[in-house]
Amino acid sequence: MNKAIEIFGNHIYKLTQNNPKKALKQLSFVYTAAGLQCKYLPSKLLLPARQYMQWAAADAAIKPLKKADNSAIVSLYLPCEILHAMGIYQMFPEALSCYLAAAGSEKVFIETAENNGIPKTLCSYHKAFIGMVESGVLPKPRFVINTSLACDVNHLSFRRAADFYNIPHFMIDVPSEYNEKNLKYVENQLMDMTAFIEKNSGIKLDENKLAEVMNRSRNTIKNYRKMLEFRKDIFLSDEMTSHMLSVFATHVMLGTKEAEKYTADMIKQMSACPKERKGVRLLWVHTLPYWQDALRDLINFTDRCEIVACDMAFDAIDVNVEEDNPYRFMSDRLLRNTVNGSRENRINAVLKYAKELDADGVVWYCHWGCKQTAGSSSAAKEILEKNGIPTLILDGDGCNSQNVNDGQTVTRMEAFLELLENRK
């Protein structure tokens, strides 16, 4: 870890225990500075669209910290178009914890959660989030909304946050089977969610604004599909962070002007990239530990290998983008999500895109505490390798630097890359 980041992390560790409000101000200042650096002094190694999205994602994470009274805590899979149309900002555990890890500041919040009775085996993203809440660092939002989709820790962390702040809580139940009955069931819940937001925000939904937001959502999904089409034929020097930015763009930020611009600009810039192949092409499953220096050195900006896609970004793009009913469109995305239903849904989606993107291999990343990903890893490896796609099951932690063995991770990745290089 960079020495300056380590020093800052230690500073936040001490400050949080004595003055949580000041810790929030200093974290917000650092995130703001990092976002402005991405906007005005960007890395020359990244495409301009990636640079723009680094700023846009940082800005989206900072706004709710500064304007908590106009914010909501949401889950990663929640369709947020209604909130965007009503001008309500979103806090979500994955973004909050990603930025903590990048600033070397997650330790105190994970320890706070564990000291307050949260088990060590829980997802570290959500532990850090709970720690931010219960340390007094995360400011009180208006309400909490989450779905039941994919992540079983949702049922604990969001309810716990709502109880801690004593604020309203709404949950959308997503059935595992895709059919007309369940589409209508989820659609009705989304309409109830709109009424819940109006009641607890005092803001009336403007249907014209919602139509604009939904149009941007459809455009963003169409654009991301085209991005994947271009990705098959080009080499793109990139970094792990870029794929997490795409996850944000196709999830909580879906429907924003920033997400639409990012994907549209990526199409233009990728179309100008030379059609060539360099090194090993990897498809990554689940979250990326982009803060981990050992993996960054191995993967970022190298001709040896490239990550062509992350399955968390394409989990809900195979939807009917021509659907005019906004509630049906959002319902369709939730039920079609590849992490919904049986494990084969996700595995088959990974197999499909691994073939379409001409990936040489798949890295199935078992993030600490994620039972859904770890539980399906053996079946995934068997199915993918039967179809000719070598698969590495890699254990790690996308958020907690105290829970990672750099040496073991690098050794296993090195061996996998060598295997794939020898097959080419």
Side-chain angles (χ1 to χ4, degrees), residues 1-38 54-55 57-74 89-118 120 122-144 153 156-158 160-167 241 244 248 252 289-292 397-404:
M1 182 181 292
N2 179 289
K3 189 66 176 176
I5 292 176
E6 185 178 346
I7 291 171
F8 180 74
N10 291 334
H11 171 65
I12 292 297
Y13 187 99
K14 296 175 183 176
L15 193 58
T16 296
Q17 299 173 56
N18 301 314
N19 193 336
K21 289 186 178 179
K22 190 173 182 180
L24 172 64
K25 287 183 179 180
Q26 295 200 8
L27 283 168
S28 298
F29 173 79
V30 168
Y31 298 160
T32 301
L36 291 174
Q37 181 182 13
C38 293
Q54 283 190 344
W55 164 79
D59 188 58
I62 293 161
K63 281 179 178 175
L65 299 181
K66 295 180 176 180
K67 300 180 180 180
D69 59 344
N70 190 41
S71 301
I73 291 175
V74 302
Y89 303 121
Q90 303 89 42
M91 306 173 177
F92 61 107
E94 291 78 6
L96 292 168
S97 300
C98 276
Y99 284 104
L100 287 177
S105 305
E106 79 284 359
K107 182 180 177 181
V108 65
F109 303 109
I110 289 172
E111 285 187 4
T112 297
E114 291 177 350
N115 290 339
N116 289 348
I118 297 298
K120 291 183 180 293
L122 200 77
C123 167
S124 52
Y125 286 105
H126 282 262
K127 277 195 293 186
F129 162 68
I130 291 169
M132 284 192 79
V133 171
E134 298 183 1
S135 66
V137 168
L138 192 68
K140 180 179 177 179
R142 280 186 176 267
F143 45 81
V144 177
V153 76
L156 166 67
S157 59
F158 293 105
R160 184 169 175 134
D163 289 345
F164 182 87
Y165 290 124
N166 192 26
I167 55 177
T241 311
M244 291 303 293
F248 294 171
V252 174
Y290 68 85
W291 52 268
Q292 192 175 346
D397 198 311
C399 175
N400 185 4
S401 61
Q402 307 297 310
N403 197 31
V404 171

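When side chains are defined from C-beta on, L138 does not count as touching F164, because their heavy atoms never get closer than 4.5 Å. Looking at heavy atoms from C-beta onward, Y89 lies out of side-chain contact with P141 at the 4.5 angstrom threshold. Counting heavy atoms from C-beta outward, V108 and S135 have side chains that stay 4.5 Å or more apart. Using a 4.5 Å heavy-atom threshold, the side chains of M244 and C98 count as touching. In this structure the side chain of P139 reaches within 4.5 angstrom of the side chain of L24, judged on heavy atoms. L122 is listed as a side-chain neighbour of L156, based on a closest heavy-atom distance under 4.5 Å. Side chains of V133 and R160 form no contact here, defined as non-hydrogen atoms less than 4.5 Å apart. At a threshold of 4.5 Å between non-hydrogen side-chain atoms, the residues C399 and L100 do not count as touching.
With Y13 as the aromatic partner, K107 meets the cation-pi criteria of under 6.0 angstrom to the ring centre and within 45 degrees of the ring axis.
Using cut-offs of 30° and 60° on the angle between ring planes, the pair H126 and F129 is perpendicular. Relative orientation of the Y99 and Y31 rings is tilted, given thresholds of 30° and 60° on the angle between their planes.
In this structure, the side chain of S97 does not engage the main chain of E94 through any donor-acceptor pair within 3.5 Å. Panel note: side chain D59, backbone W55; no donor-acceptor pair is recorded below 3.5 Å. Proximity of a side-chain donor or acceptor of K140 to a complementary backbone N or O of Y165 within less than 3.5 Å is detected. Between the K127 side chain and the K120 main chain, a donor and an acceptor come within less than 3.5 Å of each other. Judged by distance alone, with hydrogens and angles left aside, the side-chain atoms of R142 form no donor-acceptor pair with the main-chain N or O of S71 at under 3.5 Å. Here the side chain of Q26 pairs no donor or acceptor atom with the backbone of I12 at under 3.5 angstrom.
The CG atom of L15 sits 12.5 Å away from the CG atom of N10 when rounded to the nearest 0.5 Å. Interatomic distance, CD of E111 versus OG1 of T16, reported as 11.0 Å (0.5 Å rounding). With rounding to the nearest 0.5 angstrom, the CG atom of N403 is 8.0 Å from the CD1 atom of I110. In this structure, CG on L65 lies 13.5 Å from NZ on K25, to the nearest 0.5 angstrom. How far OG of S124 is from CD of Q402: 11.5 Å, rounded to the nearest 0.5 Å.
Side-chain contact, T241 with Q54: no donor N or O sits under 3.5 Å from an acceptor N or O.
Considering every non-hydrogen atom in both A57 and F248, the closest pair reads CB-CD1, 4.1 Å. Between W291 and D397, the shortest heavy-atom distance links the atoms CZ2-O, 3.2 Å. Heavy atoms only, all atoms of each residue included: A102 and Y290 are closest at CB-OH, 3.9 Å. Nearest approach of G104 to I5, heavy atoms of both residues: N-CG2, 3.6 Å.
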